[in-house]
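Below is one structure, written out as structure tokens, with a few remarks after it.
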Amino acid sequence: MNLSQLKVGQRAVIQKVKGTGQFRKRILEMGFVQGKEIVSVQNAPLYDPIHYKILGYDVSLRRRDAQQVEIKVLGDESPQVEKVEQQASLTHHGMPSYKPFSPKHKEDKELITIKIALVGNPNCGKTSLFNQVSGANEHVGNYSGVTVEAKTGYILYGAYRLEIIDLPGAYSLSPYSPEELYIREYLTSDKRPDIILNVLDACNLERNLYLSLQLKEMGLPVIAALNMFDELERKKDILDYPKLSALLGIPMIPTICRTGIGLSALFDELISLYEGIKAKDQEWLNEESGKARPLRLNYGLQLEAAIEELSRPIQQHYKDYTAMQIRHLAIKVLEADRVYLDKLEEDRAVAVRYVREELQKELREELGQADREELIADARYGFISGALRETYKRKKQSQASLSDRIDYIVTHKFLGFPIFLCLMYLMFYTTFEFGAIPMDWIDSGVGALGEWIATLLPEGPIKDLIVDGIIAGVGGVIIFLPNILILYLFISLFEDSGYMARAAFIMDKLMHKMGLHGKSFIPLVMGFGCNVPAIMATRSIESRKSRMITMLVLPFMSCSARLPVYILIAGALFPSSSSLVLFGLYLFGVAVAIISARLMRDSLFSGEDVPFVMELPPYRVPTLRSVLRQMWTRAKQYLQKMGTVILFASIVIWFLGYFPRQEEARKDFDERIAAIEQYNELSQEEKQEQINLLNSQFSQMQQEKSYIGRLGKFTEPALRPLGFDWKMSISLLSGLAAKEVVVSTLGVIYTGDADDSDEAQERLSQRIAQEKRADGSPSFTPLVAISFLIFVLIYFPCVATVIAIAKEAGSWKWGAFTVIFSCGLAWLLSFAVYQIGLLL
Ligand code: GDP
Ligand code: MG
């Protein structure tokens with residue numbers, strides 16, 4: 001029987017993991033080894049994936065992947081946990097010291113620097129620790145894959161300067177994912193840290209210690225933080241950590257990184273270890289009794305014999321290796337770790353390779369089905385369960401935990417989706433409804449700033465550049481900051497509470513159908529705010545193919561910069577049903593994203609993909625600090641886009657629209673204005689009206705004759721089949737910088753006024769509805785408007801997004817692809833809509 005057939009609520013024991021390659025290795029390392037008990041907790045509302053509990057943690061697995069796991073169903077007899085309880089009689093070990101931790105940051109020259117790397121499973125609290133000590137604001141989330149880059153910070157502690165590096169999470173040190181490979185290379189490179197601080201989730205030790213064993217086997221200096229100790233104590237579980245520490249040869253200190261408790265004790269111990277290693281102190285390094293003694297696992301008869309045999313040629317080839325290094329290399333070679341095999345190749349260790357091949361044949365005959373990978377994972381997990389059986393006492397949990405009960409509801413067959421949709425609705429409603437209030441303030445603030453600056457500066461191009469170019473351009477973007485802050489507040493809350501992983505769980509089947517991944521969902525939603533941080537957020541997707549597709553379709557998620565264009569055009573042409581048009585556009589964007597994702601999956605990114613093995617972390621109450629911090633980090637990316645790309649683009653667009661100056665015509669207009677002022681028949685108001693009219697006629701003429709106007713006329717033939725005239729072409733061209741610029745350009749062309757106050761918008765809206773072409777037909781018919789809106793939605797996202805895609809995909813090719821794909825698609829869709837519309 002296989003795991004996918006296990007009924008909800010049933011328990012089983014794992015017999016064997018079939019399949020090959022990455023999938024197999026990954027799930028073996030996540031604890032799917034022979035003899036482990038597994039429970040099927042719940043199906044996702046769409047029946048796939050499935051939520052399981054194994055080794056006391058929660059994980060989601062796709063049905064198809066679960067078919068690879070062979071199991072034996074268990075009856076209702078007492079679960080294994082109780083056996084542990086009977087065997088162990090432990091004394092209580094709680095937190096050692098509640099001494100508060102207060103980092104200092106003053107630099108002093110005489111200090112000794114210790115380089116410390118934080119290594120641990122995803123979501124065990126590494127970044128929380130990093131933030132506590134370095135005072136940094138790195139992104140913490142109750143969701144795996146949040147940290148994607150190594151970050152360095154430091155503190156001064158006594159006579160030491162502790163330099164701390166926060167690395168991405170890893171389940172093991174096999175070269176399974178790029179991160180894991182990166183970490184391993186980093187830990188063994190010349191820049192390697194002095195001490196490795198292995199952060200452990202104390203409630204999840206069985207899986208967390210797998211990585212610790214690998215670190216120890218590499219002979220690295222490891223110390224462990226038993227993090228989340230508050231959760232362990234709350235569950236009333238008891239851990240004899242001094243004993244566990246002695247069994248593994250890793251000094252261990254309980255911590256609560258969220259609040260900083262235990263960190264002083266941790267660093268005291270860390271410094272002693274560092275000094276112990278430097279002084280080659282017996283207390284620490286003694287093979288038998290040292291606190292940080294080397295660890296030697298027993299891999300069982302057959303493998304041990306093979307390791308032995310391999311060690312000989314290794315020793316001959318690598319004469320300066322220690323016994324530990326030789327053994328480690330032998331194990332890695334047996335595991336068929338490709339990095340080490342390449343190393344053998346490079347070092348021309350022919351004899352080693354020869355012995356390896358011989359052994360491989362022998363082992364295959366001896367072991368039959370079972371293979372080395374499995375035996376190695378088995379031995380490691382065997383050692384861990386043995387150690388925990390002696391040291392860990394789980395309080396018998398009669399009723400389901402709070403997390404389980406929440407999960408029962410939010411991933412329920414019938415309730416799951418309604419709850420999910422309500423939360424999404426709440427998020428968007430708040431974003432757009434409440435976001436509109438501060439939006440008005442910012443709007444008037446920017447307007448006032450422009451006017452104020454205008455009074456300070458003398459007339460001339462510089463003033464025009466600052467007021468109409470920079471302030472109007474950047475101001476038009478900054479207006480979306482409230483929307484974005486609210487959207488990201490919600491996303492941070494979902495992430496920190498643990499709901500995000502459930503959303504990915506619920507959505508996986510649908511996403512998978514589109515060629516995406518459950519985890520693609522979050523970045524896609526973020527895209528409605530601003531595409532740039534959303535593209536960065538795709539980093540949490542492990543599968544490269546899914547990640548690429550997610551990034552490439554992200555621009556079709558209508559970001560908030562496109563909203564003012566929709567509001568303007570829909571308001572002008574469809575005054576009674578503008579919100580319907582708006583909603584339709586968002587949906588249309590989503591549909592385009594889905595279809596293109598599907599197409600890309602079948603063409604550009606076809607083939608086997610990484611399995612969806614995702615941890616479902618327990619629900620946690622988010623801390624205000626971390627939520628706000630995270631919201632701010634993302635908003636900062638948005639502000640950066642404004643300070644750089646948009647600022648630059650605003651200047652360029654302004655320049656193209658401002659020059660060449662029509663000096664002759666200006667003189668002519670000035671004379672006419674002067675004439676009107678002389679004319680006594682008119683009242684003061686009538687005069688002003690006439691003057692305004694003349695001024696706006698001049699602006700329009702200026703725009704038409706400017707460089708951008710010429711460009712607009714030049715591109716008009718290409719856009720005419722879509723129903724656009726040269727004025728619309730100009731606005732679309734200017735929108736290449738950022739889509740909100742389309743509105744201000746339309747403003748200048750149609751009313752000679754880039755002002756975006758309410759009355760000005762009202763005027764512009766009327767003008768657009770009344771605008772006529774040379775032949776007297778209206779410029780904007782409802783059909784043209786729809787075609788225009790679709791074009792704005794789909795075409796060239798914006799400079800910042802293209803740059804982000806190119807950077808994250810690692811090649812400019814993908815940036816270019818996005819440009820061509822989106823513009824081509826926009827043209828085709830608008831063309832189809834317009835031409836079909838004409839026929840009807
Ligand atoms: P990382 O993935 O290892 O960097 O983990 P994070 O630092 O992002 O933390 C993951 C989650 O665990 C966040 O929701 C933290 O608030 C939470 N967390 C971190 N340390 C502790 C702790 O000591 N106790 C509790 N209860 N939660 C913690
Ligand atoms: Mg992190």
Side-chain angles (χ1 to χ4, degrees), residues 57-58 94-96 98 100-101 117-134 136-153 164-171 177 179-180 182-183 196-205 207-208 211-212 224-235 237 239 241 252-263 265-266 401-403 491-502 519 536-537 539-540 542 614-631 633:
Y57 77 99
D58 296 79
M95 289 292 295
Y98 282 85
F101 178 72
L118 300 180
V119 179
N121 284 186
N123 218 33
C124 63
K126 295 177 296 302
T127 305
S128 303
L129 193 157
F130 180 80
N131 286 343
Q132 281 292 339
V133 295
S134 65
N137 291 331
E138 287 311 320
H139 183 167
V140 174
N142 193 15
Y143 187 60
S144 68
V146 170
T147 308
V148 286
E149 279 173 322
K151 284 270 158 62
T152 308
I164 299 179
I165 300 131
D166 185 21
L167 293 168
Y171 290 109
S177 68
E179 280 91 46
E180 289 171 355
Y182 167 79
I183 292 172
I196 291 166
L197 177 44
N198 183 198
V199 184
L200 300 170
D201 173 353
C203 304
N204 237 328
L205 282 175
R207 198 200 57 226
N208 275 244
L211 179 66
S212 318
L226 281 170
N227 194 30
M228 315 256 179
F229 214 74
D230 52 333
E231 291 191 4
L232 183 98
E233 292 194 319
R234 210 181 47 230
K235 290 204 300 195
D237 289 359
L239 174 67
Y241 62 86
M252 292 182 173
I253 305 290
T255 59
I256 305 171
C257 293
R258 204 135 76 156
T259 53
I261 288 171
L263 292 181
L266 179 68
S401 71
L402 184 62
S403 256
I491 288 178
S492 306
L493 278 174
F494 290 158
E495 265 186 349
D496 271 18
S497 59
Y499 184 72
M500 216 40 131
R502 274 71 186 183
K519 280 192 175 180
M536 314 246 188
R539 289 178 183 171
S540 66
E542 285 163 11
M614 186 181 67
E615 262 197 90
L616 299 168
Y619 290 94
R620 298 200 167 96
V621 181
T623 61
L624 184 69
R625 221 174 96 182
S626 124
V627 169
L628 292 180
R629 199 185 251 172
Q630 210 169 304
M631 174 178 99
T633 322

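Counting starts at 1 for both ligands and their atoms, in listed order. From a predicted model like this one, the values you see are computed outputs, not experimental measurements.
Ligand 1 lies less than 4.0 angstrom from a heavy atom belonging to Asp230. Within the structure, ligand 1 has Cys124 among the residues with a heavy atom less than 4.0 angstrom away.
Minimum heavy-atom separation, Asn123 to Pro617: ND2-CB, 3.1 Å. Looking at every heavy atom in both residues, Ala150 comes nearest to Leu167 through CB-CD2, 3.9 Å.
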With side chain to side chain contact (heavy atoms under 4.5 Å, CB included) as the test, would you mind laying out the steps for Leu118 and Leu129 before giving the verdict?
CA-CA 9 Å; Leu118 300 180; Leu129 193 157; 4.1 Å; yes
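Between Pro122 and ligand 1, not a single N/O pair is under 3.5 Å apart. Note: an N/O pair closer than 3.5 Å links Glu231 and ligand 1 by distance alone. Considering backbone and side-chain atoms alike, Ser128 places an N or O below 3.5 Å from some N or O of ligand 1.
A cation-pi arrangement is absent between Arg207 and Tyr171, since the terminal nitrogen or guanidinium carbon is not both under 6.0 Å from the aromatic centre and inside a 45° cone about the axis. Remark: Arg234 fails to qualify as a cation-pi partner of Phe229 under the 6.0 Å distance and 45° angle criteria applied to the six-membered ring.
Checked by atom type, the side-chain pair Asp496/Thr623 shows no donor-acceptor distance below 3.5 Å.
Every atom of ligand 1 with a heavy atom of Ile256 under 4.0 Å away is listed here by number and element: 22 (C), 23 (O), 24 (N). Residue contact check: Asn227 has heavy atoms under 4.0 Å from atoms 20 (N), 21 (C), 22 (C), 23 (O) of ligand 1. Here is the list of ligand 1 atoms found below 4.0 Å of a heavy atom in Thr127: 1 (P), 4 (O), 7 (O).
Scanning Arg625, Arg258, Arg620, Gln630 for the heavy atom closest to atom 16 (O) of ligand 1 points to Arg258.
Taking backbone and side-chain atoms together, Ser128 has no N/O/S atom less than 2.8 Å away from the Mg ion (ligand 2).
Paired with Ser212 under the rule side-chain contact (heavy atoms from CB on, under 4.5 Å), one option of Leu200, Ile196, Asn121 passes, and it is Leu200.
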